[in-house]
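All values below were derived from every heavy atom in this structure, side-chain atoms included, with hydrogens, water molecules and symmetry-related copies excluded. As the structure is a computational prediction, the values presented were derived from the model and not from experiment. Numbering of ligands and ligand atoms starts at 1, following listing order.
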Amino acid sequence: MSQSCEAFEQGHKIELNVTDLKQYLYCPRIPYYFYVMPVPRPITYKMQHGVQEHVELDRLEKRRGYRSYGLTEGKRLFHLQLKSETLGLYGKPDLVITYEKKGVTQYLPVEFKHTEKGLFTNAKYQLAAYAMLLEEHFQVPVCEGIVYQIPTKAYNIIKITDPMRKHVKDSLSAIRRMMLEETFPEPKSRSRCTDCEYRRYCNDIY
Ligand code: SF4
């Protein structure tokens with residue numbers, strides 16, 4: 001990062017959403033198209049039906065026991081709005097389960113994903129970012145979270161490690177740098193372009 005950008009970022013931390021991080025790690029061009037060179041956002045089937053699906057998921061989740069999460073009891077917090085001034089980050093995890101351990105309240109972030117394939121790393125870092133927001137908000141370590149794959153009903157336990165926390169911070173800096181310098185980024189992987197709703201804007205993809 002150039003010195004001027006670094007100074008600017010420190011003085012004026014650009015606030016980002018956790019979904020910006022998720023999308024950046026999927027392909028950096030997506031937040032570029034949102035923040036730097038705004039284009040009309042293509043409406044996908046997922047976006048059209050996403051809200052209704054989440055309402056249904058919340059309803060089903062309320063009827064589920066806690067055993068699937070390895071717990072005997074707990075409490076569910078849906079769509080908790082979290083914000084960190086330190087990270088310049090805000091977001092709303094799908095679900096946070098709270099439970100008691102040795103007299104201390106613990107927080108377990110849960111994300112629901114509509115994928116049968118293996119988890120993309122961006123989903124893991126999205127969870128790590130929510131863990132970091134919870135840590136700052138509630139002042140307790142959050143050492144793991146869960147990505148629930150809806151089609152397969154698989155519960156994936158993700159350990160939140162210090163290298164993951166560092167990667168989240170580094171990625172947030174990289175997004176801000178891209179915004180300040182207005183650099184058009186290279187794609188993460190061109191194999192992802194086939195199913196991408198932004199494909200029409202990437203003229204270098206064949
Ligand atoms: S089409 Fe490919 S390069 Fe363009 S935004 Fe989508 S994934 Fe990125």
Side-chain angles (χ1 to χ4, degrees), residues 1-2 5-6 8-9 12-54 57 87-94 109-133 145-152 154 156 158 160-161 163-206:
M1 185 188 299
S2 70
C5 280
E6 206 161 13
F8 184 90
E9 187 186 327
H12 307 82
K13 187 157 272 179
I14 300 167
E15 208 168 69
L16 295 170
N17 193 326
V18 173
T19 53
D20 296 327
L21 173 78
K22 181 186 75 169
Q23 289 174 332
Y24 178 82
L25 293 173
Y26 184 81
C27 179
R29 286 188 182 178
I30 298 176
Y32 178 88
Y33 287 137
F34 189 74
Y35 288 111
V36 183
M37 194 191 77
V39 295
R41 190 171 178 197
I43 305 291
T44 62
Y45 174 87
K46 259 189 193 175
M47 286 155 75
Q48 277 177 325
H49 294 82
V51 174
Q52 188 50 42
E53 276 178 348
H54 263 85
L57 269 171
L87 295 169
L89 186 67
Y90 64 96
K92 229 173 6 175
D94 287 334
V110 181
E111 277 300 295
F112 300 125
K113 295 290 172 206
H114 295 265
T115 177
E116 289 183 43
K117 301 176 199 163
L119 292 180
F120 280 123
T121 50
N122 67 337
K124 296 176 188 172
Y125 285 105
Q126 180 187 16
L127 199 67
Y130 287 135
M132 291 165 77
L133 288 176
I146 288 180
V147 177
Y148 177 65
Q149 283 175 274
I150 299 160
T152 56
N156 303 276
I158 310 293
I160 311 297
T161 62
M164 288 176 84
R165 290 181 180 89
K166 180 176 183 313
H167 190 58
V168 167
K169 287 182 185 171
D170 290 347
S171 302
L172 294 174
S173 293
I175 298 172
R176 293 187 181 106
R177 186 162 64 243
M178 177 187 76
M179 290 163 71
L180 292 169
E181 295 177 348
E182 302 189 356
T183 40
F184 188 53
E186 283 298 308
K188 197 90 178 167
S189 160
R190 288 178 195 270
S191 64
R192 297 178 182 176
C193 301
T194 318
D195 299 330
C196 178
E197 62 257 42
Y198 288 89
R199 190 180 160 82
R200 76 179 81 156
Y201 301 116
C202 292
N203 295 328
D204 57 338
I205 304 298
Y206 300 102

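- Looking at heavy atoms from C-beta onward, Asp94 lies out of side-chain contact with Val110 at the 4.5 angstrom threshold.
- Counting atoms of ligand 1 from 1 in the listed order, those under 4.0 Å from a heavy atom of Pro187 are 3 (S).
- Of all atoms in ligand 1, listed by their number and element, those nearer than 4.0 Å to a heavy atom of Cys196 are 1 (S), 5 (S), 6 (Fe), 7 (S).
- Listed by chain and number, the residues in a side chain to side chain contact (heavy atoms under 4.5 Å, CB included) with Lys113 are Lys22, Glu111, Thr115, Ala123, Gln126, Val147 (sequence neighbours excluded).
- Atoms of ligand 1 lying under 4.0 Å from any heavy atom of Arg199, numbered from 1 in the order shown and given with element: 1 (S).
- Atoms of ligand 1 found under 4.0 Å from any heavy atom of Arg29, numbered from 1 in the order shown, are 3 (S), 5 (S).
- At a cut-off of 2.8 Å, Cys27 is counted among the residues with an N, O or S atom near atom 8 (Fe) of ligand 1.
- Residue contacts with ligand 1, taken as heavy atom pairs separated by less than 4.0 Å, involve Cys193 via backbone and side-chain atoms alike.
- Within a 6.0 Å sphere centred on OH of Tyr35, heavy atoms belonging to other residues, nucleotides or ligands number more than 12.
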- Pair Lys188-Tyr26, side-chain contact (heavy atoms from CB on, under 4.5 Å): steps then yes or no: CA-CA 7 Å; Lys188 197 90 178 167; Tyr26 184 81; over 6 Å; no
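- Thr19 is linked by a side chain to side chain contact (heavy atoms under 4.5 Å, CB included) to Asn17, counting only residues two or more places apart in sequence or in another chain.
- Taking a cut-off of under 4.0 Å to the non-hydrogen atoms of Cys202, the atoms of ligand 1 that pass are 1 (S), 3 (S), 4 (Fe), 5 (S).
- Classification of the Tyr33-Tyr198 ring pair by plane angle, with boundaries at 30° and 60°, yields parallel.
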